[in-house]
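Each residue takes its place number in the sequence, starting with 1.
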Amino acid sequence: MRRSAVRDLAIVLGCSWLVRAAVIATWPRSAHSDDLDSWMTVAHELSSGANPYVTTSIVKWPPFALVFVWSVDRASRLFDISFFLAMRIALIAAESAIVVVLYLMLTRFAEARRSDGC
């Protein structure tokens, strides 16, 4: 990857983080989604050895989603941070990965179109 492309990617990624930081800063501290409540309930059920598909009526997700929630819960315990913060970090990391992949795809296809004369 060219040095200018790395710089451009860093700028795009930095801008996405600034937007995310602005949303976090302006969002009411007490507000969180129903999804987070569901994830916290499922994490508690999993940590107690229960099957959330049986013990709750909220789980309508594929099994991999439970693996993700379980992993975030384990990471929050490992690093001694709240489940909310661990989930926020995981979702921002996923969002950042999407930004990187989209940037790489767009630059690749834009260069291909430029070389074709379009």
Side-chain angles (χ1 to χ4, degrees):
M1 187 183 292
R2 299 180 332 263
R3 176 176 272 156
S4 63
V6 171
R7 185 200 66 220
D8 292 346
L9 175 58
I11 290 170
V12 169
L13 199 53
C15 288
S16 75
W17 290 340
L18 286 174
V19 168
R20 177 60 54 204
V23 169
I24 290 169
T26 58
W27 205 264
R29 296 235 183 259
S30 62
H32 61 269
S33 69
D34 290 339
D35 288 337
L36 183 62
D37 289 334
S38 298
W39 296 333
M40 290 170 68
T41 300
V42 167
H44 177 10
E45 292 293 312
L46 289 170
S47 68
S48 66
N51 179 352
Y53 286 112
V54 174
T55 59
T56 70
S57 62
I58 58 174
V59 180
K60 309 277 191 270
W61 322 311
F64 182 74
L66 295 183
V67 172
F68 181 76
V69 170
W70 178 84
S71 299
V72 169
D73 185 46
R74 296 292 294 209
S76 72
R77 293 168 195 263
L78 178 68
F79 295 110
D80 195 29
I81 59 176
S82 71
F83 179 83
F84 176 72
L85 179 59
M87 184 59 79
R88 180 179 274 175
I89 291 168
L91 292 175
I92 291 171
E95 183 179 86
S96 297
I98 291 169
V99 168
V100 170
V101 168
L102 286 175
Y103 175 83
L104 294 173
M105 286 176 54
L106 287 171
T107 57
R108 180 175 181 205
F109 292 126
E111 288 179 8
R113 289 188 78 176
R114 239 182 274 132
S115 65
D116 289 343
C118 294

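In terms of hydrophobic clustering, with Ile, Leu, Val, Met, Phe, Trp and Tyr side chains grouped at heavy-atom distances under 4.5 Å, V59 and L36 are assigned to a common cluster. Taken together through direct or relayed side-chain contacts under 4.5 Å among Ile, Leu, Val, Met, Phe, Trp and Tyr, F109 and V101 form part of one hydrophobic cluster. Linking ILVMFWY side-chain heavy atoms closer than 4.5 Å, directly or via other members, places I98 and I92 in two distinct hydrophobic clusters. Taken together through direct or relayed side-chain contacts under 4.5 Å among Ile, Leu, Val, Met, Phe, Trp and Tyr, I24 and I89 form parts of separate hydrophobic clusters. Taking hydrophobic clusters as Ile, Leu, Val, Met, Phe, Trp and Tyr residues chained together by side-chain heavy-atom distances below 4.5 Å, M40 does not share a cluster with V67.
Residue P63 comes nearest to Y53 through the heavy atom pair N-OH, 3.3 Å, listed as atom of the first residue, atom of the second, then distance. The minimum heavy-atom distance linking V72 with A90 is given by the pair CG2-CB, 4.0 Å. For the pair S82 and S76, the tightest heavy-atom approach, listed with the atom from each and the gap, is O-CB, 3.8 Å.
No side-chain heavy atom of F79 sits less than 4.5 Å from a side-chain heavy atom of L85. At a threshold of 4.5 Å between non-hydrogen side-chain atoms, the residues C15 and I11 count as touching. No side-chain heavy atom of V6 sits under 4.5 Å from any side-chain heavy atom of L9.
For the atom pair H44 NE2 and T56 OG1, the distance stands at 12.0 Å (nearest 0.5 Å). Between the CG atom of D34 and the CD1 atom of I58 there is a distance of 10.0 Å, given to the nearest 0.5 Å.
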Worked check of side-chain contact (heavy atoms from CB on, under 4.5 Å) between W61 and V42: CA-CA 11 Å; W61 322 311; V42 167; 3.5 Å; yes

Can you check side-chain contact (heavy atoms from CB on, under 4.5 Å) on S96 and L13, steps first, answer last? CA-CA 7 Å; S96 297; L13 199 53; 3.8 Å; yes

Apply side-chain contact (heavy atoms from CB on, under 4.5 Å) to residues M87 and F68 and explain how you reach the verdict. CA-CA 10 Å; M87 184 59 79; F68 181 76; 3.6 Å; yes

Do L46 and D73 pass the side-chain contact (heavy atoms from CB on, under 4.5 Å) test, and can you show the C-alpha distance, the side-chain angles, and the key distance before you say yes or no? CA-CA 9 Å; L46 289 170; D73 185 46; over 6 Å; no

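Applying the salt bridge (Lys or Arg N to Asp or Glu O under 4.0 Å) rule to pairs touching residues 51-64 yields nothing, sequence neighbours excluded.
Between the Y103 side chain and the A5 main chain, a donor and an acceptor come within less than 3.5 Å of each other.
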